[in-house]
Amino acid sequence: MKIGYACLTKAIPYTDFKGTIQKNATPDRLIEITTHNLQTLENILRYNVEDGLKMFRLSSDLIPFGSSPVNKTKWWDDLRPQWENLGRIIKDNEIRVSMHPGQYTVLNSPDEDVVSRAVDDLVYHNLVLDSLGADNSAKIIIHIGGVYGDKKSAMDRFKENYLKLPDSIKNRLIIENDDRSYRIEEVLDIGVHMGIPVVFDNLHHLVNGGGEDDSKWIEEAGKTWKERDGLQKIHYSQQNPERNPGAHSETIDISALMDYIDKNIHHDLDIMLEVKDKNLSAKKGVNAILDTGKIENLEKEWSRYKYNVLERSPECYQEIRTLLKDKNSYPVREFYSLLDSAMYNAEPSQGTVINGIEHVWGYFKDIATEKEILRFRKELERFKEGKLSLQALKNSLWRLTERYGEAYLSKSYYFHI
């Protein structure tokens, strides 16, 4: 089982994508941005490999104006060495990639122009995956679309327009139930009839379907996947209790995820997490499903989070340190429960925040120059007086981390969350 995340990374430096507005979209500028974005994708993939994250959804914004006539560059050809390098990383490390066009990629619209643009968008997404040399297990996920006052006609229109697609796109396309219009049984009806693999989304089913019989629907969706499609995929997310139904949670509750897997998943499949903190939850999931988890996995996580926890909750900080003393245990649920309690429920005070700052400064106090020491002390006083933001102070400490090559701190989430 692979557990993945979508499009962006959190708290990892040098993983930001760039875009532009149409008036600045000259060929040279578009190639410049695309070159940057492909390097960013390489940084993300290498981070994923290091952390054992073998499933990743590529951003549709990888290529600015990728499906628009505005972009007249041959980005797939002009930057071929970069594409081939990325493809090697994906293949050599068995990373499963996918893409998910946005809400305006609608095949069943009664407006032919909308359908035409949707096809153009699918051609673009397919070309990205082809440029990476990805096989047919690299899928493009879409929803059925709108109802337009007549669901049967809308479903028939989807089928008709699907049949007109090039085979290269049909070989990649998979369909998903949504939280408003098409329930899982309706998507399965289309998938079975047309031979299209179906993705079951648990939160969409909860909002638009009653949230019952997940195990049954996962099994039924699994029957639509053929060997050439790769392992069945599902989408998993948890409801944000403070938002409208269907809104994704900030992070994944690991105990809830593990209980869901135990109750509803009875065969091998891959899980795409849809969650606000992206890779951070995916890493939690990967650690949680390990059959032979070792305490070192949690210690590595702790090394990244420890100063974030310290600035929020010294109590959780001490509890986690105590929890990790037993080197023969693997208390993964307890670890993440304490971690989440600190990260999402604790309210930091100025005192706890300064305690965290001083701990991080400890890496530099004996090696920093007099000028750097003076600057830090001045910035700390300005922070205490409310004249400097915490993030600005953390940015200064991050620059010292890079300047002095502090490897341990360079992996910390402290500077980026």
Side-chain angles (χ1 to χ4, degrees), residues 1-7 54-60 95-103 105-108 118 121-122 125-126 129 134-145 155 158-159 162 165 169-238 246 248 252 257 260-261 264-275 282 285:
M1 179 186 292
K2 295 178 180 178
I3 293 183
Y5 67 100
C7 302
K54 297 298 188 76
M55 189 178 180
F56 182 61
R57 181 188 297 165
L58 306 176
S59 171
S60 293
I95 301 172
R96 189 176 192 182
V97 295
S98 62
M99 300 190 79
H100 195 335
Q103 60 181 325
T105 303
V106 182
L107 279 181
N108 76 339
D121 203 35
L122 292 175
H125 284 78
N126 190 57
L129 295 172
D135 62 22
N136 284 336
S137 69
K139 295 301 187 182
I140 301 171
I141 306 103
I142 63 171
H143 296 290
I144 302 304
M155 292 172 71
F158 179 92
K159 296 173 186 177
Y162 170 82
L165 294 173
I169 294 177
K170 286 191 284 189
N171 288 338
R172 292 199 191 277
L173 208 64
I174 56 179
I175 51 179
E176 173 191 2
N177 58 307
D178 65 67
D179 60 351
R180 291 186 179 184
S181 301
Y182 291 93
R183 297 158 63 105
I184 183 61
E185 55 265 42
E186 294 166 325
V187 178
L188 278 167
D189 180 71
I190 293 174
V192 170
H193 184 260
M194 304 300 293
I196 308 172
V198 172
V199 173
F200 174 77
D201 185 300
N202 76 300
L203 187 57
H204 290 167
H205 180 57
L206 180 65
V207 175
N208 181 29
E212 297 178 349
D213 301 321
D214 283 30
S215 178
K216 167 191 169 182
W217 295 120
I218 290 170
E219 292 286 338
E220 291 300 312
K223 295 175 184 177
T224 65
W225 289 75
K226 300 178 177 62
E227 185 176 353
R228 66 171 182 266
D229 299 313
L231 209 58
Q232 177 189 2
K233 293 174 56 176
I234 67 168
H235 291 173
Y236 177 85
S237 50
Q238 295 168 354
H248 297 149
I252 290 295
L257 171 62
Y260 186 88
I261 291 173
N264 296 293
I265 298 177
H266 308 303
H267 61 270
D268 287 342
L269 51 71
D270 291 337
I271 302 176
M272 176 63 72
L273 299 183
E274 297 185 321
V275 59

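None of these values were measured; they are calculated from a predicted model. Positions are given from 1 along the sequence.
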Distance-only criterion, 3.5 Å: show the donor-acceptor pairs between side-chain atoms of residues 190-199 and protein atoms not counting sequence neighbours.
none

Acceptor/donor pairs from residues 207-216 side chains to any protein atom, 3.5 angstrom cut, sequence neighbours excluded:
| from | atom 1 | to | atom 2 | distance (Å) |
| --- | --- | --- | --- | --- |
| Asn208 | ND2 | Asp178 | O | 3.2 |
| Asp214 | OD2 | Tyr260 | OH | 2.6 |
| Ser215 | OG | His266 | NE2 | 3.3 |

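At least one side-chain heavy atom of Thr105 sits under 4.5 Å from a side-chain heavy atom of Leu122. Met155 is listed as a side-chain neighbour of Asp189, based on a closest heavy-atom distance under 4.5 Å. Side-chain contact between Ile144 and Ile175: present, with at least one pair of heavy atoms (C-beta onward) separated by less than 4.5 Å. Side-chain contact between Met55 and Lys233 is present, with at least one heavy-atom pair separated by less than 4.5 Å. Looking only at side-chain heavy atoms (C-beta outward), Ile3 and Tyr236 stay at 4.5 Å or farther from each other.
Annotation for Ile184 and His205: closest pair CG2-ND1, 3.8 Å, computed over non-hydrogen atoms. When all heavy atoms are compared, the tightest approach of Ser98 to Met272 is OG-CE, 4.1 Å. Residues Ile140 and Asn126 approach most closely at CD1-N, 3.7 Å, considering heavy atoms. For Pro101 against Ser60, the heavy-atom pair with the smallest separation is CA-OG, 3.9 Å. Contact detail for Phe200 and Ala221: the closest heavy-atom pair is CB-CB, 4.4 Å. Residues Gln232 and Ile218 approach most closely at NE2-O, 3.0 Å, considering heavy atoms.
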As a quick check of understanding, evaluate side-chain contact (heavy atoms from CB on, under 4.5 Å) for Ile174 and Thr224, giving each step before the final call.
CA-CA 10 Å; Ile174 56 179; Thr224 65; over 6 Å; no
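A donor-acceptor contact closer than 3.5 angstrom is absent between the side chains of Gln103 and His143.
Residues that satisfy the side chain to side chain donor-acceptor pair (under 3.5 Å) test with Ser59, not counting sequence neighbours, are absent from this structure.
Interatomic distance, Met99 CE to His125 NE2, rounded to the nearest 0.5 Å: 4.0 Å. In this structure, the separation between CG on Leu269 and CE on Met1 is 5.0 Å, given to the nearest 0.5 Å. For the atom pair CD1 (Ile142) and CG (Leu107), the distance works out to 4.5 Å, reported to the nearest 0.5 Å. Once rounded to the nearest 0.5 Å, the distance linking NZ of Lys139 with CG of Asp135 reads 8.5 Å. The distance from the OG atom of Ser137 to the CG atom of Asn171 is 12.0 Å, given to the nearest 0.5 Å. Distance check: Lys226 NZ to Asp229 CG gives 6.5 Å after rounding to the nearest 0.5 Å.
Of the candidates Glu176, Glu274, Arg57, His100 forms a side-chain hydrogen bond (donor to acceptor under 3.5 Å, both in side chains) with just one, namely Glu176.
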